[in-house]
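Any value given below was found using the heavy atoms of this structure, including those in side chains, with hydrogens, waters and symmetry copies removed. For reference, positions follow the sequence shown, starting with 1. Start at 1 and go down the list; that is how both ligands and their atoms are numbered.
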Amino acid sequence: MSKGILIVMSGCSGVGKSTVLSNVMDRRADLRFSVSATTRPPRPGETDGQSYYFVSKQTFLDMIEKGEFLEYDAHMDHYYGTPRKQLEEKLETGSVILDIEPNGAFAVREAWPDAVLIFIAPPSMEELERRLRSRGDTSAEQIEKRLARAKWEMEQSASYDYVVINEQVEACADEILKIIAEKAD
Ligand code: 5GP
């Protein structure tokens, strides 16, 4: 019997999901974070085993072969997957947050029908585009790719249990914490 619930969080690139997520996790120390495996290289500040397990494509393919993933998906030129074992172990000790995109979210819901799916949306697509362009570290081609992906993700948000708008980080985190308290406590 697992002690906690699964909370699946998705949100398009540029929506500020990581900031909201750290705010949520800081305010609820009992929540565990499901660490995904990915073939994308680490960004500055990311630690192996904390942000992600950074693995080679061959290792990722081997993990698929061995059935180690609860779900996995290829998007934005890389593979991402949720290792089943660490997730189940974390669930034994409390509720777990997964930061995964919609295909993964729906696969988790199939496996765990009680999972709570929360989508973080931008105030508008115009605002998302403005945020993506103001980052300055992304090529025009990458921005177009992310916008196209974001549009698709926004369409998927209709199938989530909750859609929370990130107008302001603290308020968005408040709303998410309220949902978690309702479902997990
Ligand atoms: P990033 O490369 O910016 O960290 O993440 C890109 C996208 O991959 C985000 O939408 C994130 O939620 C998603 N993602 C991260 N880990 C997983 C995973 O294990 N499975 C799936 N399906 N998506 C993931």
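Proximity to G104 (heavy-atom distance under 4.0 Å) selects the following atoms of ligand 1: 22 (N). Distances below 4.0 Å separate heavy atoms of K17 from the following atoms of ligand 1: 9 (C), 10 (O), 11 (C), 12 (O). Residue R40 has at least one heavy-atom neighbour below 4.0 Å for each of these atoms of ligand 1: 1 (P), 2 (O), 4 (O). The atoms of ligand 1 that sit less than 4.0 Å from any heavy atom of H75 are 7 (C), 8 (O), 13 (C), 23 (N). Near D73, with a cut-off below 4.0 Å to any heavy atom, the atoms of ligand 1 are 22 (N).
If you check which protein heavy atom lies closest to atom 16 (N) of ligand 1, you get S36 OG, 3.1 Å. With hydrogens left out, the protein atom closest to atom 6 (C) of ligand 1 is Y80 OH, 3.6 Å, a heavy atom. Looking at atom 3 (O) of ligand 1, its nearest protein heavy atom turns out to be R43 NH2, 3.0 Å. Scanning all protein heavy atoms for the shortest distance to atom 23 (N) of ligand 1 gives E101 N, 3.3 Å.
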Could you go through the side chain to side chain contact (heavy atoms under 4.5 Å, CB included) check for I120 and S10 one step at a time? CA-CA 6 Å; I120 305 180; S10 306; over 6 Å; no

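Applying the 6.0 Å contact sphere to NZ of K183 captures no more than 12 heavy atoms from other residues, nucleotides or ligands. The local environment of CD in E167 is sparse, with at most 12 non-hydrogen atoms from other residues, nucleotides or ligands closer than 6.0 Å.
Checked for salt-bridge contact, R130 and E127 meet the test: a charged N lies under 4.0 Å from a carboxylate O. Ion pairing between E182 and K178 fails under the 4.0 Å rule for side-chain N and carboxylate O. Between D161 and R109 there is a salt bridge, since a side-chain N of the basic residue sits under 4.0 Å from a carboxylate O of the acidic one.
In this comparison of E153, E71, R149, the heavy atom closest to atom 21 (C) of ligand 1 sits on E71. Of the candidates D99, N103, V108, it is D99 that places a heavy atom closest to atom 14 (N) of ligand 1.
Between the side chain of T39 and the main chain of H78, no donor-acceptor pair closer than 3.5 Å is present. Side chain of S56 to main chain of T59: a donor-acceptor pair is present (N/O by atom type, distance under 3.5 Å, no hydrogens or angles).
Proximity of Y52 to ligand 1, defined as any heavy-atom pair under 4.0 Å, is confined to the side chain (atoms from C-beta onward).
Under a 4.5 Å side-chain heavy-atom cut-off, the cluster of Ile, Leu, Val, Met, Phe, Trp and Tyr residues that includes Y52 is completed by F54, Y80.
Not a single heavy atom of S10 sits less than 4.0 Å from an atom of ligand 1.
Polar contact with ligand 1: absent for M9 (N/O pair, distance under 3.5 Å).
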